[in-house]
Amino acid sequence: MSANSSMVGQLLWRGPVCISWKQDPEGAVYHLANCFLLLGFMGGSGVYGCFYLFGFLGTGYLCCVLWGWLDACGLDIVLWNVLLAVACLLQLAHLVYRLRMNTLPEEFDLLYKTLCLPLQVPLQTYKEIVHCCQEQVLTLATDQTYAVEGETPINRLSLLLSGRVRVSQDGQFLHYVFPYQFMDSPEWESLRPSEEGVFQVTLTAETECSYISWPRKSLHLLLTKERYISHLFSALLGYDISEKLYTLNDKLFAKFGLRFDIRLPSLYHVLGPSTPDGGPESEKDDEEVCEPSLSPVQATPTSVQHVSPCSPPPAATNLPAPLSRARMSRPDSGILGEDSTSLVLEDFEEVSGSESFMDYRSDGEYMR
């Protein structure tokens, strides 16, 4: 140990000493090279930080090569700086290759920034989603149909990138599909992976549209394999369907200017199937009048005529058809605190444009 320490001491303190210092400073190329090296070592992190770092370092080492070749006249100086400059150039080439591999077409890049970046979706995950649709952007001309009611099979899931699509059923307008909304999310959610079906609505392009489309089988395989992507699509599709439902809800206005919530049980019974005589609805009405055999309620324009629970039935043989429900008249249209349980089918029959919602036999058919 003492011999090694003495050898290190000799190298440090008793080494060769410069006999004489050069009086003339080095040339401008040498100082320029050191300036580039100083700027290079001040680079940051990330891809663009690496571009800055290796760009300045490579330039600095090239200046050192020129200094060693022209001024210092040292072969070792030239060789070492050439090696370092080549290493920096290779690093720059690798960074350019990575950027080109990560570059997306303009439509997909804008889609990522609009839809996925706010949800902090990793770029690599987004590339898998884009790869599933084969990175193809499809187009629709004006008045061209994307799907025809009762004919087009449900074999894909599409997302609108630009333009506007009109959704209709039996020739009646339902709602629009705007950019960055799914065009057929209700149809996608209505079927299981092993089931097949056709569209219940017609989708027509009102303007020139562009969209991307995922084949049904390929997307199901991706969702089965990647749990994160499956949760992502569940969230996006759920939000999209809720937006479409609220768009339809905006069309339901009663004659008093009230906006109804499609989640209300009373509205469910209005849009739901009509129950036959003797069903749960008729039993509920019978309970309100105490006995099934009693006289039906006679509704007047201004008031409701109540029947005594103990009055006997009339002797008339031809009884009029009983009304399904008795309700109070509402002459004052400015009452905003109206009870939602008083909503009946007549409220929607008088609304202009609401006939399309009355044509369904069940709420399930209406949802489809």
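The basis for the numbers below is simple: all heavy atoms, side chains too, and nothing from hydrogens, waters or symmetry mates.
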Closest contact, heavy atoms only, A205 versus L140 = CB-CB, 4.0 Å
Are F36 and L62 connected, step by step, through hydrophobic side chains (Ile, Leu, Val, Met, Phe, Trp, Tyr) whose heavy atoms are closer than 4.5 Å?
-> no
To the nearest 0.5 Å, how far apart are OG1 in T152 and CG in L203?
-> 9.0 Å
Would you find a donor on one side and an acceptor on the other, under 3.5 Å apart, between the side chain of T202 and the backbone of E149?
-> yes
Between the CG atom in L161 and the OG1 atom in T114, the distance rounded to the nearest 0.5 Å is 9.5 Å
So, S242 side chain and Y239 main chain: donor-acceptor pair closer than 3.5 Å or not?
-> yes
Could you verify whether a donor N or O on one side chain and an acceptor N or O on the other, from S158 and Y146, lie under 3.5 Å apart?
-> yes
N81 side chain to G68 backbone, donor-acceptor under 3.5 Å | no
Compile the donor-acceptor pairs under 3.5 Å between side chains in residues 223-234 and protein atoms, sequence neighbours left out, one pair per line.
{"from": "T224", "atom 1": "OG1", "to": "H220", "atom 2": "O", "distance (Å)": "2.7"}
{"from": "S234", "atom 1": "OG", "to": "S230", "atom 2": "O", "distance (Å)": "2.9"}

L66 reachable from V82 in the ILVMFWY side-chain graph, under 4.5 Å edges = no
Please collect all ring pair (Phe, Tyr, Trp, His ring centres under 6.0 Å) contacts where either partner lies in residues 67-91, sequence neighbours excluded, each pair once.
-> Y30-W67
Cluster membership besides L99, Ile/Leu/Val/Met/Phe/Trp/Tyr side chains within less than 4.5 angstrom, sorted by chain and number, is L37, F41, V47, F51, L53, F54, L57, Y61, L84, L89, L92, L95, V96
CD (E106) with more than 12 external heavy atoms under 6.0 Å | no
Whether Q144 side chain and A141 backbone form a donor-acceptor pair below 3.5 Å = yes
Which atom names give the shortest non-hydrogen contact between C132 and P215, and what distance separates them?
-> O-CD, 3.9 Å
Please name the pair of heavy atoms, one in C63 and one in V29, separated by the smallest distance, quoted to 0.1 Å.
-> O-CG1, 3.2 Å
Rounded to the nearest 0.5 angstrom, the CG-CD distance for D240 and E189 is 10.0 Å
Who pairs with R166 by side-chain hydrogen bond (donor to acceptor under 3.5 Å, both in side chains), at least two apart in sequence or on another chain?
-> E206
What residue pairs, at least two apart or across chains, pass side-chain hydrogen bond (donor to acceptor under 3.5 Å, both in side chains) with a residue in residues 47-60?
-> none
Transitive ILVMFWY cluster of V148, excluding itself - 4.5 Å side-chain cut-off | none
Counting only N and O atoms by type, is there a donor-acceptor contact under 3.5 Å from the side chain of T125 to the main-chain atoms of V121?
-> no
Verify same cluster id: L111, Y211 (apolar side-chain graph, 4.5 Å) | no
Test side-chain hydrogen bond (donor to acceptor under 3.5 Å, both in side chains) applied to K217 - qualifying residues, sequence neighbours left out | none
Can you tell me how far CG of L115 sits from CD1 of I129, rounded to the nearest 0.5 angstrom?
-> 9.0 Å
Would you mind reporting whether L119 and L236 have side-chain heavy atoms less than 4.5 Å apart?
-> yes
Evaluate the criterion side chain to side chain contact (heavy atoms under 4.5 Å, CB included) for residue pair I154 and D184; output intermediate values, then yes/no.
-> CA-CA 9 Å; I154 305 173; D184 43 11; 5.9 Å; no
Run the side chain to side chain contact (heavy atoms under 4.5 Å, CB included) check on L160 and F178 step by step: do they pass?
-> CA-CA 7 Å; L160 187 64; F178 295 102; 5.6 Å; no
Would you mind reporting whether L222 and E128 have side-chain heavy atoms less than 4.5 Å apart?
-> yes
Indicate if V177 and W188 have the same hydrophobic cluster label, given that clusters are the connected sets of ILVMFWY residues with side-chain heavy-atom separations under 4.5 angstrom.
-> no
If you link ILVMFWY side chains whenever their heavy atoms are less than 4.5 Å apart, which other residues fall into the same cluster as L75? By chain and number, please.
-> L79
Just by distance, do the side chain of K244 and the backbone of H175 share a donor-acceptor pair under 3.5 Å?
-> no
What distance separates S210 OG from L138 CG, expressed to the nearest 0.5 Å?
-> 9.0 Å
Kindly state each residue pair satisfying ring pair (Phe, Tyr, Trp, His ring centres under 6.0 Å) with at least one member in residues 108-139, sequence neighbours excluded.
-> Y112-Y126
Under 3.5 Å, is there a donor-acceptor pair between the side chain of N155 and the main chain of R216?
-> no
To the nearest 0.5 Å, atom CG of L104 lies from atom CG of L123 at 6.0 Å
Exercise: identify the closest heavy-atom pair between M183 and V165 | CE-CG2, 4.0 Å
Tell me whether the guanidinium CZ or amine NZ of R156 lies under 6.0 angstrom from the six-membered ring centre of W214 and within 45° of its axis.
-> no
Tell me, please, which residues at least two apart from T145 pass side-chain hydrogen bond (donor to acceptor under 3.5 Å, both in side chains).
-> none
Least distance between heavy atoms, E151 atom then V198 atom = O-CG1, 4.1 Å
Applying the 4.5 Å side-chain criterion to the ILVMFWY set and letting contacts propagate, would F182 and Y180 be lumped into a single cluster?
-> yes
Tightest non-hydrogen contact, residues C64 and A33, listed as SG-CB, 3.5 Å
Check the pair Y176, V167 against side chain to side chain contact (heavy atoms under 4.5 Å, CB included), reporting the backbone distance first and the verdict last.
-> CA-CA 6 Å; Y176 284 115; V167 182; over 6 Å; no
Set of salt bridge (Lys or Arg N to Asp or Glu O under 4.0 Å) partners for D109, sequence neighbours left out | K113
Sorted by chain and residue number, the side-chain hydrogen bond (donor to acceptor under 3.5 Å, both in side chains) partners of T207 (sequence neighbours excluded) come out as none
